[in-house]
Amino acid sequence: MDHTSITDSFGTIYIDPSDATIKSLLGSLFDKATEVCPHKDVAISHYKSGYSLVYHDNKIITLENLNVPYPCIQFIRNISLKSATELFSALNKNQIDSIINQPWIAQAP
């Protein structure tokens, strides 16, 4: 299965989102409407590769591969909304190399 899904701050899931949907959902993190959300983040998952990106309202993006036995969470701090949108769109288009080649910092075990 070569699909992606994106989950917004309210838990709504969208399958194979368009670039416009990705941009809108990521931008919503900074709207007043999402202030009531217990987890202000947006996540996208690529089923075939197992990669998942999560963008948080504090401008941290995390990456993990759920298909490996012991996934290591990696992150980048102070990532702009534009850069997060580009990474989400790349994952949505199966451009895995452009994602994993970013300057990720591995979280200490």
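Side-chain atoms of Q102 come within 3.5 Å of backbone atoms of S98 as a donor-acceptor pair (strictly under, hydrogens ignored). Not one N or O on the side chain of T7 forms a donor-acceptor pair closer than 3.5 Å with the backbone of I13. Not a single donor-acceptor pair under 3.5 Å links the side chain of T62 to the backbone N or O of F75. Checked by atom type and distance alone, the side chain of S83 never pairs as donor or acceptor with a backbone atom of S80 at under 3.5 Å. In this structure a side-chain-to-backbone donor-acceptor pair under 3.5 Å is present from N65 to N67. Checked by atom type and distance alone, the side chain of D16 pairs as donor or acceptor with a backbone atom of T4 at under 3.5 Å.
Distance CD1/I105 to CD1/I60: 9.5 Å, rounded to 0.5 Å. For the atom pair CG of D8 and SG of C37, the computed distance is 7.5 Å after rounding to the nearest 0.5 Å. With rounding to the nearest 0.5 angstrom, the CG atom of D57 is 12.0 Å from the CG atom of L26. Atom CD of Q74 sits about 12.0 Å away from atom CD1 of I99, to the nearest 0.5 Å. Atom OG1 of T34 sits about 6.0 Å away from atom CG of L29, to the nearest 0.5 Å. In this structure, CD on E86 lies 11.5 Å from CD1 on I22, to the nearest 0.5 angstrom.
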Given the rule in the side chain to side chain contact (heavy atoms under 4.5 Å, CB included) test, do L25 and I44 qualify, once you have shown the distances and angles that lead to the verdict? CA-CA 11 Å; L25 293 177; I44 189 167; over 6 Å; no

Is there a side chain to side chain contact (heavy atoms under 4.5 Å, CB included) between V42 and F88 once you walk through the steps? CA-CA 10 Å; V42 175; F88 270 56; 4.0 Å; yes

Checking V54 against I61 for the side chain to side chain contact (heavy atoms under 4.5 Å, CB included) test, could you report, in this order, the C-alpha distance in whole Å, the side-chain angles of both residues, the deciding distance, and whether it holds? CA-CA 5 Å; V54 181; I61 192 165; over 6 Å; no

Dump the intermediate steps for side chain to side chain contact (heavy atoms under 4.5 Å, CB included) on I96 and Y51, then the final yes or no. CA-CA 8 Å; I96 307 300; Y51 280 102; 3.6 Å; yes

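When hydrophobic clusters are built by joining Ile, Leu, Val, Met, Phe, Trp and Tyr residues whose side-chain heavy atoms come closer than 4.5 Å, directly or via intermediates, F10 is not grouped with Y55. Hydrophobic clustering keeps L66 apart from W104 (ILVMFWY residues linked when any side-chain heavy atoms are closer than 4.5 Å, directly or through intermediates). Neither L87 nor I73 shares a network with the other; the hydrophobic side chains, linked directly or stepwise wherever heavy atoms of I, L, V, M, F, W or Y lie under 4.5 Å apart, form separate groups for each.
No side-chain donor from either of S24 and T21 sits under 3.5 Å from a side-chain acceptor of the other. Counting only N and O atoms by type, the side chains of N92 and H46 include no donor and acceptor under 3.5 Å apart. Inspection of the Y47 and S5 side chains reveals an N or O donor paired with an N or O acceptor under 3.5 Å.
More than 12 heavy atoms of other residues, nucleotides or ligands lie within 6.0 Å of NZ in K40, so this atom counts as buried by the packing criterion.
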